[in-house]
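Beneath this line is the structure, given in structure tokens, with notes to follow.
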There are 2 protein chains.
Amino acid sequence: MDETDELLSIRAAELYYEENKTQDEIGQALRLTRWKVGRLLAQAKQQGFIRIEILHPRARRLPIERRLREERGLEDAIVVSSAGVSSPDELQARTAQAAADYLTALRPVPRTLGVSWGRTLFEISQHLRNGWATGVNVVQINGGVSLNRRAGTAAATAVAIAQKGGGSATLLPSPAILEHLATKEAIESDRVVAGVIELARSADAYLFSAGPADHTSVHIESGYLTEADVDLLVQKGAVGDVVGRYIDSEGNIVDPALDARTVGLTLDDVRDGRLRIAVIAGRSKHAVADAVVRSGLCSVLVTDEATALHLLDG
Amino acid sequence: MDETDELLSIRAAELYYEENKTQDEIGQALRLTRWKVGRLLAQAKQQGFIRIEILHPRARRLPIERRLREERGLEDAIVVSSAGVSSPDELQARTAQAAADYLTALRPVPRTLGVSWGRTLFEISQHLRNGWATGVNVVQINGGVSLNRRAGTAAATAVAIAQKGGGSATLLPSPAILEHLATKEAIESDRVVAGVIELARSADAYLFSAGPADHTSVHIESGYLTEADVDLLVQKGAVGDVVGRYIDSEGNIVDPALDARTVGLTLDDVRDGRLRIAVIAGRSKHAVADAVVRSGLCSVLVTDEATALHLLDG
DNA sequence: CCGCCGCCTGCTCATATGAGCAGACTTGCA
DNA sequence: TGCAAGTCTGCTCATATGAGCAGGCGGCGG
């Protein structure tokens, strides 16, 4: 396109989009036929001079969702728009809302839903509406009895999701990570615990997030790991955790010994699930989101625009 | 609009603008009639959920131009878009380009064009194309013989505009501001100088910018004023200068004694011009732009989006 | 409980837009 | 210079969209 046409296409776009003129009127104004005007507008669009944004907290980016499905082999993808977002918290809230919307619209409604816990899951539980489903039974898929004062958010999350969905919650009465392998084995051999894990394995769907491998990790906050532990994991290549299990950029377990002390579904258990919904948003989770998608841990991803684009770039 | 409709309108907008579906297809997808879809889209637009931007250095904001004409009584206004601008220099360049475009398209072509000088005018002269007009005679409307090494930009500006327009330049051989009133009167009584000023008064059009009243002023740079002088002017209410004359927010001369020592057209001379094109861009010139427009110094304004919105807010 | 008012819906019809095509025009090459 | 290929133009026709209207529905006051 030569310079003259480029300028004309801009003039035409101004008249068309800002002044609501018809292509015919624009033609008269610029001494062009209306067909020429149509072509100029098409060129302006195609060259990216026209940018259309949907400004709304609930806005999604369907073309990016499509690319995630097609290029990353996801069954489904939900990408929330970052347009007009001013803080990471806002982005997190939008993503949680989208996850809640997705669950609500999900058909067939899962009878048993396996959930992890953490900040993201808690926020999703808050965004769900009463009656989002009728009779959904929720089961925890990884240990979450907290060791300190923030106790109970793991349980509260599962209970809230179940309650608002008109069902009941089955909690996994165990810490996430134990200090000794023997303790972990003892706990898992407990009838109740083993039963919960068995139930979790049979869930119709899993809903989980992923944590970044850094000092903001909820495992540090909850007292399961120290900052030094996490630093060490990072040195070994960890990019984040899923259901309490730390993975590298390929989705492989970084520290098998640590993993053996972690209670709940294994990553392979998760991969065996039919519907595996991961909800991952925010700059700090780009790397782990990538690992989760690449290694097939999720079949459905709910995320934000920037994270999605990161996945598609790589 | 209730919450449900709001959400639907966002879904519809996504499908319409991002996926290029027809309203009919959207209707099928969302189980609505196509008329409902059309109404939802109209609502989304009207509520401002849809934002259409034209991303191009030459893009203008016609609705803002219209408002400037209607609400500020300008004969014409050119507002360049700030979309995607990263530095003040870029904004300045866009505005200068727009001014050059405006001059080039101007009909009838002025036979005599009075110009001021400064960074903005210089940049406009650089953006003009060879042959932008045929036989335009350019006359300086205020003194500009420089006192220091930056000498000659005033003259170079006028000459470049004239040369590229296939005409010749008439320079005003005088400093902008003189130290003593007597000197100024002596200079103005010189036959040549008086003749140039007389010619300037009869110009078909004036093209000028305005300077901010701060330490970046080109008058300080050129040595006509000291920083202390400008500080004093600011104390007296100066918001900037036009053709070397400092005005307050009402467009009145701030310091009559200083004004009397300034060579060139008076502000009233400028106001007597038929076509008075002011080119003013940048955050630091908001106040002076306001004064220029309010006091009728210009009949045509070329500016940037942010400055224009500032003028309309007040 | 009934009737009136106003909003919302889905229509008809007019208009605006996009697809595709035939001819004119330019451009590159022998 | 002359030819062939590709590009651009302005058309016809099909489709998508918007304006405006009649009927239906729900809400409110009597």
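Each chain gets a letter, A, B and so on, in the order the sequences are listed, and its residues count up from 1.
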Regarding [X] and [Y], does a basic nitrogen lie under 4.0 Å from an acidic carboxylate oxygen?
X	Y	value
A/Asp101	A/Arg94	no
B/Glu18	A/Arg66	no
B/Asp204	B/Arg274	no

What's the closest nucleotide to the side chain of A/Thr22 if the choices are D/dA19, C/dT17, D/dA16?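 That would be C/dT17.
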
Is there a side-chain contact between B/Glu14 and B/Ile10, using heavy atoms and a 4.5 Å cut-off?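 With C-beta onward as the side chain, the pair touches.
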
Determine whether B/Tyr206 and B/Ser116 make a side-chain contact, defined as any pair of heavy atoms from C-beta on separated by less than 4.5 Å.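 SC-SC contact between B/Tyr206 and B/Ser116 ruled out.
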
Most 5' of A/Trp35 and B/Leu32 on DNA chain C, judged by nearest nucleotide: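 Result of the comparison: B/Leu32.
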
Rounded interatomic separation in angstrom, taking [atom1] from [X] and [atom2] from [N]:
X	N	atom1	atom2	answer
A/Gln46	C/dG18	CD	P	14 Å
B/Leu41	D/dG18	CG	C1'	12 Å
A/Asp24	D/dG10	CG	P	13 Å
A/Arg34	C/dT15	CZ	C1'	10 Å
B/Glu25	D/dT17	CD	C1'	14 Å
A/Lys36	C/dG18	NZ	P	15 Å
A/Asp2	C/dT26	CG	P	14 Å

Give me the one residue out of B/Leu103, B/Ile124, B/Leu301 that meets side chain to side chain contact (heavy atoms under 4.5 Å, CB included) with B/Ile277.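 With B/Ile277 as partner, side chain to side chain contact (heavy atoms under 4.5 Å, CB included) holds for just one option, B/Leu103.
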
Quickly, which of A/Gln28, A/Arg34, A/Lys36 forms a side chain to side chain contact (heavy atoms under 4.5 Å, CB included) with A/Leu32? Name it, please.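 Per the side chain to side chain contact (heavy atoms under 4.5 Å, CB included) rule, the option paired with A/Leu32 is A/Lys36, out of A/Gln28, A/Arg34, A/Lys36.
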
Answer with yes or no whether A/Arg39 presents, from its side chain, a donor or acceptor under 3.5 Å of a partner atom in the base of D/dG10.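 Between D/dG10 and A/Arg39, which were checked side chain against base, a qualifying N/O pair under 3.5 Å is present.
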
Apply salt bridge (Lys or Arg N to Asp or Glu O under 4.0 Å) to the pair B/Arg283 and B/Asp304, showing each step before the final yes or no. CA-CA 9 Å; B/Arg283 183 61 243 262; B/Asp304 65 271; over 6 Å; no

Strictly distance-based, threshold 3.5 Å: is any side-chain N or O of A/Lys285 a donor or acceptor partner for the main-chain N or O of A/Ala210?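 Yes, the answer is positive, given that a donor and an acceptor are paired below the 3.5 Å cut-off.
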
Check the phosphate of C/dG18 against A/Gln23, side-chain N and O only, distance under 4.0 Å to OP1 or OP2. Yes or no?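 Answer is yes, contact under 4.0 Å.
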
Would you say A/Thr33 places a side-chain N or O within less than 4.0 Å of OP1 or OP2 belonging to D/dG10?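 Looking at the OP1 and OP2 atoms of D/dG10, one of them is under 4.0 Å from a side-chain N or O of A/Thr33.
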
If you fit an axis to the five pairs at each end of the helix from C/dC1-D/dG30 to C/dA30-D/dT1, how big is the angle between those two axes, to 10 degrees?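 Angle reported: 30°, given to the nearest ten degrees.
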
Could you list by number each residue of residues 5-16 of chain A showing a heavy-atom separation from DNA chain D of less than 4.0 Å, or answer none if no residue does?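 Nothing qualifies; none.
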
